[in-house]
Amino acid sequence: MIIVIKTDSRLQTPMYFFLRNLSYLDLCYSTVIAPKTLANFVTNEKNISYNGCAAQFFFFALFVTTEGFLLAAMAFDRFSAICYPLLYPMNMSPKVCIQLVAGSYICGSINAIVQTSFTFNLRFCQENKLDHFFCDVPALIKISCVDTFVNKSVLFILSALIIIITTATILVSYAYILSTVLKIPSTQGRSKTFSTCGSHIAAVSLFYGTVFFMYAQPGAISSPEQSKIVAVFYTLIIPMLNPLIYSLRNRNVQDAVKRILCGRWSSP
């Protein structure tokens, strides 16, 4: 998706700018987890250093939080395109798009710094065996031998705050979009307009459903086995599904892929 959007001149619009950044984030946060996980599966030494664990958790928290805010920015982009089409070039200028992406990274960085600082200031005095396949807050809290009430509270409050802000942005945007679409007189026009949002709705549902289940419930860290299953889904499967969702449901992306492949096959 990154290569297709970068190389095709027809895809140089705000929607595809955000989609390219989403693909980059999916690549980054799955890369933070997958290589070490695969290495643990094929070797007998299933360990990670303290600094390596902190770095893995920091970058994972950074990229996942950034993706949440980026999905909210993509909802705002669809809102601007459908509800205010005449103002769309001004509302979603290249400068605004860059600011929205930069703001997403800033919010991701703040959350990652706070979570990493609180988590790795704990004292770990047990066997330091993580009941997980990567360094995540619930698993790290379980091996701490000090009171973790503050850490659990910070995890819940920050996760809930991020989910509330981003989902509120998405829900309000789609409420206005739905209201605008219903005013279109023809069924074909309504279907065509709303079809541009289908991929985004699918990606939002997958991402926020698993994140809410994992982090934003008061008892979310009580079931390690459930947590591992959900974690596999949002660290490895969702990053793989997102490009498929956006490419299979998007005719412009399909046409761009065909043009790239045909160009390579026809070149001497």
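As the structure is a computational prediction, the values presented were derived from the model and not from experiment. Residue numbers run from 1 in the order of the sequence given.
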Indicate yes or no: at least one non-hydrogen side-chain atom of [X] is less than 4.5 angstrom from one of [Y].
X    : Y    : value
F133 : V232 : yes
I106 : T66  : no
I33  : Y29  : no
D8   : Y16  : no
L25  : N21  : no
R20  : M1   : no
F233 : L206 : yes
K36  : I48  : yes

Just by modelled atom types, is the [Y] backbone N or O under 3.5 Å from a matching donor or acceptor in the [X] side chain?
X    : Y    : answer
T7   : I3   : yes
S159 : F156 : no
Y208 : A203 : no
N151 : F118 : yes
S144 : R123 : yes
H200 : L71  : yes
Q115 : F57  : no

* Run the side chain to side chain contact (heavy atoms under 4.5 Å, CB included) check on I143 and L130 step by step: do they pass? -> CA-CA 7 Å; I143 64 170; L130 283 177; 3.9 Å; yes

Nearest-0.5 Å distance that lies between atom [atom1] in [X] and atom [atom2] in [Y]:
X    : Y    : atom1 : atom2 : value
S199 : L244 : OG    : CG    : 11.0 Å
S109 : L62  : OG    : CG    : 4.5 Å
S173 : L178 : OG    : CG    : 12.5 Å
Q99  : S93  : CD    : OG    : 7.5 Å
L22  : N242 : CG    : CG    : 5.0 Å
D26  : L236 : CG    : CG    : 11.5 Å

Please indicate whether [X] has more than 12 foreign heavy atoms, meaning atoms of other residues, nucleotides or ligands, lying under 6.0 Å from its [atom1].
X    : atom1 : answer
F120 : CZ    : yes
Y84  : OH    : no
Y105 : OH    : yes
K6   : NZ    : no

* Asked: F76 vs F79 aromatic rings, parallel, tilted or perpendicular, using cut-offs 30° and 60°?
  -> tilted

* To do: Check the pair F69 / I165 against side chain to side chain contact (heavy atoms under 4.5 Å, CB included), numbers first and verdict last.
  => CA-CA 9 Å; F69 281 97; I165 292 171; 4.3 Å; yes

* To do: Would you check if the distance from the ring center of F60 to the ring center of F134 is below 6.0 Å?
  => yes

* Write down the atom of T169, the atom of A72, and the distance for their closest heavy-atom approach. =>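 Nearest pair, atom of T169 first, then A72: CG2-O, 3.9 Å.
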
* Exercise: identify the closest heavy-atom pair between A256 and L11 ->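 What the structure gives for the nearest pair is CB-CD1, 3.7 Å.
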
* Using the side chain to side chain contact (heavy atoms under 4.5 Å, CB included) rule, pick out the option among V146, V150, D147, L140 that qualifies with L122. => V146

* Name all residues meeting the side chain to side chain contact (heavy atoms under 4.5 Å, CB included) criterion together with D77; count only those two or more places apart in sequence or in a different chain, and write none if there are none. =>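 Scan of D77 (side chain to side chain contact (heavy atoms under 4.5 Å, CB included), adjacent residues dropped) gives P14, M15, F18, Y88, M92.
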
* Asked: Under the disulfide bond (SG atoms under 2.5 Å apart) rule, what pairs show up with a residue in residues 32-69, not counting sequence neighbours?
  -> C53-C135

* Hey, any chance I177 and L87 share a hydrophobic cluster, counting ILVMFWY side chains that come within less than 4.5 Å of each other, even indirectly? ->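 Shared cluster, yes.
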
* Could you walk me through whether F59 and C28 pass the side chain to side chain contact (heavy atoms under 4.5 Å, CB included) test, one step at a time? => CA-CA 9 Å; F59 285 109; C28 286; over 6 Å; no

